[in-house]
Structures are given as structure tokens and as C-alpha cells.
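Here the structure is a predicted model, which is why all the values come from computation and not from measurement. Letters A, B, ... are given to chains in the order of the sequence lines, protein chains preceding strands, and every chain is numbered from 1.
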Protein chains: 2
Amino acid sequence: MKYLNTQSSDFQSELKALLAFETAQDPKVDQVVADICTDVQKRGDAAVIEYTNQFDGTDAQSMQDLMLSQADLKAAFERLPETTQTALQTAAARVESYHRHQKMESWSYTDEDGTLLGQQITPLDRVGIYVPGGKAAYPSSVIMNAMPAHVAGVPEIIMVVPTPKGERNDIVLAAAYVAGVTNVFTIGGAQAVAALAYGTETIPQVDKITGPGNAFVAAAKRRVFGVVGIDMVAGPSEILVIADGTTPAEWVAMDLFSQAEHDEIAQAILISTSQQYLDDVQTAMDKLIEEMPRRDIIEASLGNRGIMILAKDLKDACAVANYIAPEHLELSIADPQEWVTEIRHAGAIFMGPYTSESLGDYCAGPNHVLPTSRTARFSSPLGTYDFQKRSSLIQVSKEGAQKLGKTASILAHGERLTAHARAAELRLQDE
Amino acid sequence: MKYLNTQSSDFQSELKALLAFETAQDPKVDQVVADICTDVQKRGDAAVIEYTNQFDGTDAQSMQDLMLSQADLKAAFERLPETTQTALQTAAARVESYHRHQKMESWSYTDEDGTLLGQQITPLDRVGIYVPGGKAAYPSSVIMNAMPAHVAGVPEIIMVVPTPKGERNDIVLAAAYVAGVTNVFTIGGAQAVAALAYGTETIPQVDKITGPGNAFVAAAKRRVFGVVGIDMVAGPSEILVIADGTTPAEWVAMDLFSQAEHDEIAQAILISTSQQYLDDVQTAMDKLIEEMPRRDIIEASLGNRGIMILAKDLKDACAVANYIAPEHLELSIADPQEWVTEIRHAGAIFMGPYTSESLGDYCAGPNHVLPTSRTARFSSPLGTYDFQKRSSLIQVSKEGAQKLGKTASILAHGERLTAHARAAELRLQDE
């Protein structure tokens, strides 16, 4: 891991260089995706079947071969060991409970003129959840994407998950069962995103697509954005741990590993006010790395992008955190409640020694889909609110129209929009 | 205007064709914008000054010549007639009052194991408001973009507004004064968007950019998205009026005009359950068009994209509205409260005869920045919430870590993420 000191004169520029991550889009990928999207829009099911057979090594004859029913999902759930069934249900129940707190409700009020103002909240009609297949098959991702939609009251949740060579992942399908997914198509890639965005004879058009995917999926989501809503296109995952030395060094070492094991471009950063503690964590990592099956990935990730930072004090450490605006922030300190209000930018804040990021990743309750690459400066975790939307409500009373009409008329004339002014003036009684 | 009947067999396909609007991006515009953005990122102020002099016909020697102080804004306000001053203040106060209702507050709760879960709400640090200059200078747009940021608690609101040939618009600057803008740069185009997104020696980097602009501004916003947040890139403006015949036909005719006068691609649609009423509105339009200074634009807009629809009943009309998901929806009917809950998708809903869209555009309180082109299916009006963000809070208790740790461990092993599992397991006491 790189080593920085906040008191060095070049700290800011060194940190900036280490955080930098090129997210340049590949024009070749964009072109392939554009062609696939156009083709699916034009030829519908036929195109989806062809691309699926081509890319996933399947042999589907019709869309029937690429559909799973509720019974299929239930059967997958029932094939799991009871401990896994319970773990999925526990995680789903906790995620559901937390996300209920996020649900927006309609409101309105009436002003002194009898004019009603408010906001009507409605769920989206139908959403699509993209779930990667193959090696990186994450049931937790199904729960984190589907449950907020379910809590928001979305009546139809369509999941797509590719099954390379026909291989289905029971835990993923069981998670869909537990999280209340309506139906599943075993398709993936840009063709799945296009099918959800435009609709085909068999696949219903959705209003929003969420969920992670590879470069083709990300490019396809960017392309269909506007036709449908999308969640953020995520960058590499990051963790920042602020430690005052009171958490066992092994715990923090493993938390850094849990970030680093995702992939070679994941980023793990530790800030401490104690040089001794930084050394202790390094010693713990040297020992613990031996037992890690994903050792190569962890070493590559920490070697490429890992950072240890010595800070002057916790205030200094929080200032660095606000600059980094990390996806995951652990306040592994004695009094996290005192310091959490200093944090202005972070996706999720894990407080105290017992809150490992991994508890939040799976089952604490909050969402694990979080803003990456400093975007926590302006964006939020995926939540129930992402599957609801607001309509402004205005019902102007006769009396209100008299006062508002005069104001609107003056401003509309100021913008030389005569019809706007006249529409207001026609409602004035003394006209 | 085109004429449709919901009972015709080809109604859906005809409506779809009339709603279609090609938002294809122009690759030439994209290339120009890419070059400008790269140049501003590289050369900062110098590039901004050069492009501004080139595109706006100004003669700025340094950024000093392109900055306005609070005193300049105040002076602009004081030059206005008192009626205009009062109109701006009335509008700003009403918009502020409504947007206070939207402000999100932090919350948390503790579960039975003593684990704290919650959400911390923080405002963005700094935002940029783009305001078009020249002909389409809209003070109402300044209020609608700046006031929600102000209410959210954003400490710095930076406005950019081009001043072609040095011409400043007093009402626009006065609106900035009234809406609490921090400072103003008299720059525009892609160079202004790039300067806000990347920062220059003089112009501070912002976290989000909102506000309307031409094709170059829209392309620049799309380009910097991810580095900073942006609001939606808006399509042409639309209104859908549902009328049962109880509102004077002239009023509705003028409401349709007020949409159509924006530009040739704006869309005005009237649905009524009464053929007679559709005829009456047509007659009223034929008469009222004579007094419209923007007659040419109105006629082009209504000719190109205007639609009159005869519906079977109000339920039928609401179904059409839900398909269209209009930016502006007038429920110009006797009992709008009864029908508003049938509306699932609309940016803003204007209820009853007195609620002309123009009252909402300027001063009723709700925002006039609304989702266009059917995006109300998945998105919301600009609001206070767009200038706040959420951080999840998790503080797992020792007891909670025992239960959650077991669940997380099972699921992490299921995803073959050993470090995730170990981080949870290390917190188990009986280990």
C-alpha cells in the first residue's frame, strides 16, 4: 500500500493522483452496443434469442426457453440448505424493514387563500433488475435492487439474469423468490437492457433499469437512459476506514481485504491518527493474507490502489474523508456519534468496531448499492425513493387566482410571454 | 391541430406517432463540446475568456471582467420598477415556502439488539446554475433553480449567464439577488459548463449543475455528468389539458397557447369528453390568436404537434394521461380531487378552472422544472431533495454483530467472498 501523511506539502496532489480513475468509455464497446440495441428495438424477441444463443452459448428456440416462472424460483429456493434459506429471508426482512423508513408519502397543505399545494407520490409501474450471471453471481444484489422496488409498491419487477451455457444459480433465483420478483428472463448483456428499455413481443417495456453489469451492460444503460430511468453507472468499489486505534487491528485488516477482494481496481484506504496502529494493521494483513483464497486479487488491489494515511487528528481525518467522499466509510473509533456529523459526503457510514462493511453489504438493512468515485458529493444510496416519483399538486382558489394572477402577469410580460400573462389575466375577476 | 378519438382502432398508434420526438444527439455538436471541455479543463480561465470573447462578442481581458458581485445584483434589483421588484419577491417567497415542505431531515432508529440504523441528510457543498442569456432570458428560471438549492442549505450557489455583446438583463440579475445566488459569472455555453464542472483558477468547481440551455449546453452537461451531478436534459415542453367542459373555453384556449408560444416543437394537447367543448375551444383559439404577438410560433407548434382528443369519459381521459405522462397536466374539471388519484404519471398537476399552468410557471410555489417526454414515468420535478443527499448510517451493537454476523457469513460464503465472511466472523464473540 502507498503511504501518505496529511502534513506533507504534497499530500493533496498525491492523494488526488491515487484516487484518479479513468472511466473513459470505449468507442468500440459503444458501437457494438448501439448495433445490438437498434436490432433488438427493430426485431424484438428474434434478436434477443439470437444474441443470447450467440453470447451465452445457449440453444433457445423461443422466448419460452428463456423464461422462468414463480414456480421455478420457488423450486430453486427449496433446493437450498435451510441455513441459506434462513439467511436469505433474514437479510430480505431486514432490508425491507429499513427501506420502509425511506418510503415517501403524499402531502398537501392549503394556504391562507384556500389554494392547495402538495406533492403526490406514486410508484413506478414496472422496473427491470439486471443481475449478472456466471462467476460474479450475487444473490445479495438481487435483494438490494428488488426489495426497494417492492417496498415502493412497484407492481411488476422484471429480472434479467444470463445463464451462460444454461447454468442457473439457485441462490440467485432463490433471492429473487424471497425479494418478490415478478418474473425472470434468463438473458443478459446489452440485448437484455435493450429488451427491457424498448419492450419486445414477450418482454414488457419497463420504466427504469437498475443493477450492476459489465462494460456492455453499462454502455447499454447509458444508451437507453432517457427512454427509461437508470441507476448510476458504478465505478470501482472503495472503502475508507478512519481508525483511532481502538478497534482490533485484525478486524480492520480484514475489512480492507473485503474491499480489495472484489477486483484489482477496488480501492481500500486506511486513515489513522496513530503510526503504531497503521503498523499493527500492516502486520495483521501480512499474517491474514495467507488464509485468503483471493490472495492474488487482494494483493493486486492493495498494491495498485491501496493507501495508508497518517492524520494529525480526527478532525483532519474527517476533512480527508469529505474530500474523498467514499462509497463506504468506516468510523472505527471510540465515539463515532460525536464525529459522524462532521462527515458531509459518504455513501454509507459504518460506525464503531462491530460494524464491518460486510454486515452492511448483506443484511444490516441499508442498501449496498452506493455512489462511487466521489459521486457521494451529489448522490445517494439506491433506495425506496428511487422507485417512487413525485407529481406537484396545485389547486388555486378563485381568491388565490386574483393575487397570483397579478404576480404571474408581471413576470410573464417581463419574459415577453404574452399568452402566459393572458392565461393568468383571464382568471382575474375584475377583467 | 390533429384530431383523435380514443375509440378509434388506430388511436394508440396515432397518438404514439404524434408524441414521438427524436432527441438524437448531433455528433458535430458533441465534438465541438468535447474540444471546448478538454481545453477549459487544461487551460482554465484563459480558455474561458477566449471562448467567451469569441462566442459572446465580448472584449474581456481577465476573469475580473466576467464577474458580478452581490452589489451588482442588488443594483440591478434597484433599477427595476417597484411592481417588478414585488413580483419577484412574491414569487421567490412562495417558491421558498413550498420547497421548505420538501426538505429531507436525517432520521435513525435502534432495533431490538441495540443496532442503530438511519440516514444522515446533508446539502451539497456548492452548485452551479446555468441561466441562458440573450432572447430567452427567464428570471423565473433563476428562482426555480436557485431557490431549492438555497432551501436545501447549499452554502454556495454559483450562477453563470452569458451576456452576448455585454448586454446584461436586469430582471435576471435581480432574480439572482432575490433567490440568494452567491456570485455570478457572465459566461455561457459549453465553456461555462466545463468551468463549473472542472473548476478554473477563478471559477470554483461545483458538485452539481442545473438549468436549461441550448444544444451545446445540453451536450456539455451530458459530457460532465459523473464528474458532477446534473439535472435532467429536458426535451420540448408539453401540456395536456383534461377538460369536462366546465371551464370557460377561452381560458383553456389560452392555456394551450401559453404552451405553444414557447417554441415550434412545444406540444399542446386537449382531451375532452365533449365534442361541443372541443369545438368551443377551437372557436376561442381562432378568435384569440389575433391578439398574440407570438402568433407564428403558436400556429407552427399547434400545427406540428397539437392534438385534440375526444374521450369516452374521464376514466378514459386519465388512462390517456397516464400513457402520455405529461410534463404539465391540467385537470380542468369540476371535481379534480376525485380524479387526481387516478393520475399515476405527471410532472405537475394543475387542478380546477383557476389553476392556469402559467400560475405554476411563475409563482404558485412548486417548481417549473419538470420531467418532459414521458420521463414523468420515472422522474420528478426539480426540488429541494435534488440539492440534498443521503448517507446510510449503521452502528451495529456487540449483540447485533452476533446475529448479523452469522447471516452475513453464510451469504458471503455463498458468493465466494471469503474476506467478507471473515470480517463478519471476527466480530463473533464465540470465535
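- Chain B forms more heavy-atom pairs under 4.5 Å with one residue of Leu116(A), Leu331(A), Val227(A), Thr115(A) than with any other, namely Val227(A).
- Of the listed residues (Ala401(A), Pro366(A), Gly414(A)), the greatest number of heavy-atom pairs within a distance under 4.5 Å of chain B belongs to Pro366(A).
- The contact between Tyr385(B) and chain A is made entirely by side chain atoms (from C-beta outward), counting heavy-atom distances below 4.5 Å.
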Legend entry - side chain to side chain contact (heavy atoms under 4.5 Å, CB included) evaluation trace for Ile289(B) with Phe257(B): CA-CA 8 Å; Ile289(B) 191 71; Phe257(B) 282 179; 3.9 Å; yes
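- Note on Ile394(A), Thr407(A), Asp125(A), Thr355(A): by heavy-atom pairs under 4.5 Å with chain B, the leading option is Ile394(A).
- One distance of note links OH of Tyr354(B) with CG of Leu428(A); it measures 10.5 Å at 0.5 Å rounding.
- For chain A, the option among Ile171(B), Ile121(B), Leu88(B), Ile410(B) with the highest count of heavy-atom pairs below 4.5 Å is Ile410(B).
- Figure legend: cation-pi geometry between Arg374(B) and Tyr323(B), with NZ or CZ positioned under 6.0 Å from the six-membered ring centre and within 45° of its axis.
- For Met104(A), no part lies under 4.5 angstrom from a heavy atom of chain B.
- Ranking Phe225(B), Tyr109(B), Phe350(B) against chain A, the residue ahead of the rest is Tyr109(B), based on heavy-atom pairs under 4.5 Å.
- No part of Val127(B) comes within reach of chain A, as not one of its non-hydrogen atoms sits under 4.5 angstrom from that chain.
- Counting heavy-atom pairs closer than 4.5 Å to chain A, the top-ranked of the candidates Thr90(B), Asp255(B), Asn169(B) is Asp255(B).
- Of the atoms belonging to Arg126(B), not a single heavy atom falls under 4.5 Å from chain A.
- Only the side chain of Asp361(A) comes within less than 4.5 Å of a heavy atom in chain B; its backbone stays farther off.
- Looking only at heavy-atom pairs under 4.5 Å with chain A, the residue among Thr86(B), Leu411(B), Leu124(B) that has the most is Leu411(B).
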Legend entry - side chain to side chain contact (heavy atoms under 4.5 Å, CB included) between His262(A) and Leu417(B), worked out: CA-CA 8 Å; His262(A) 276 294; Leu417(B) 293 174; 4.2 Å; yes
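- With chain A as partner, the option from Gly360(B), Pro293(B), Ala260(B), Cys363(B) having the largest number of non-hydrogen pairs under 4.5 angstrom is Cys363(B).
- Heavy atoms closer than 4.5 Å to chain B are found in the backbone of Ser397(A), but not in its side chain.
- Looking at Pro139(A), the atoms closer than 4.5 Å to chain B (heavy atoms on both sides) sit in the backbone and in the side chain alike.
- Both the backbone and the side chain of Thr418(B) come within contact range of chain A, with heavy atoms under 4.5 Å apart.
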Legend entry - Worked check of side chain to side chain contact (heavy atoms under 4.5 Å, CB included) between Asp207(A) and Val228(A): CA-CA 5 Å; Asp207(A) 299 301; Val228(A) 296; 5.8 Å; no
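- If you measure heavy-atom distances from Asp111(B) to chain A, the contacts under 4.5 Å come from the side chain alone.
- When each of His345(A), Glu357(A), Lys208(A) is scored by its heavy-atom pairs under 4.5 Å with chain B, the top score falls to His345(A).
- Considering every non-hydrogen atom in both Pro381(B) and Asp386(B), the closest pair reads O-OD2, 3.6 Å.
- Counting only N and O atoms by type, the side chains of His368(A) and His328(A) include no donor and acceptor under 3.5 Å apart.
- With rounding to the nearest 0.5 Å, the separation of CZ in Arg427(B) from CG in Leu404(B) is 12.0 Å.
- For the residue pair Ser409(A) and Ala421(A), the shortest heavy atom distance occurs at O-CB, 4.0 Å.
- Heavy atoms of Ala376(B) lying under 4.5 Å from chain A belong exclusively to its backbone.
- The part of Thr122(A) that comes within reach of chain B is its side chain, from C-beta onward, which places non-hydrogen atoms under 4.5 angstrom from that chain.
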Inset, instruction - Please step through side chain to side chain contact (heavy atoms under 4.5 Å, CB included) for the pair Asn367(A) and His99(A), ending with a clear verdict. - result: CA-CA 8 Å; Asn367(A) 212 288; His99(A) 284 77; 3.2 Å; yes
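- Interatomic distance, CD1 of Ile349(A) versus CG of Leu393(B), reported as 5.5 Å (0.5 Å rounding).
- With a threshold of 4.5 angstrom between heavy atoms, Gln120(B) approaches chain A through side-chain atoms but not through N, CA, C or O.
- Between chain B and the residues Met292(A), Arg344(A), Gln388(A), Lys403(A), the most heavy-atom pairs under 4.5 angstrom are made by Arg344(A).
- At a 4.5 Å heavy-atom cutoff, the contact between Val340(A) and chain B is made by backbone and side-chain atoms alike.
- When each of Arg294(B), Met232(B), Gln259(B) is checked for heavy-atom pairs under 4.5 Å with chain A, Arg294(B) comes out on top.
- At a 4.5 Å heavy-atom cutoff, Val154(B) makes no contact with chain A through either its backbone or its side chain.
- Residues Arg222(A) and Arg222(B) have side chains not in contact (no heavy-atom distance under 4.5 Å, counting atoms from C-beta outward).
- Note: Ala412(A) leads Ala412(A), Ser379(A), Gly365(A), Gly352(A) in heavy-atom pairs under 4.5 Å with chain B.
- Between His413(B) and the options Glu425(B), His420(B), Arg422(B), a side-chain hydrogen bond (donor to acceptor under 3.5 Å, both in side chains) holds for only Glu425(B).
- Aromatic ring pairs are classed by plane angle as parallel below 30°, tilted from 30° to 60° and perpendicular above 60°; the pair Tyr98(A) and His101(A) is tilted.
- Side-chain contact, Glu415(B) with Ser140(A): a donor N or O sits under 3.5 Å from an acceptor N or O.
- Pro353(A) touches chain B through its backbone: at least one of N, CA, C or O sits under 4.5 Å from a heavy atom, while the side chain does not.
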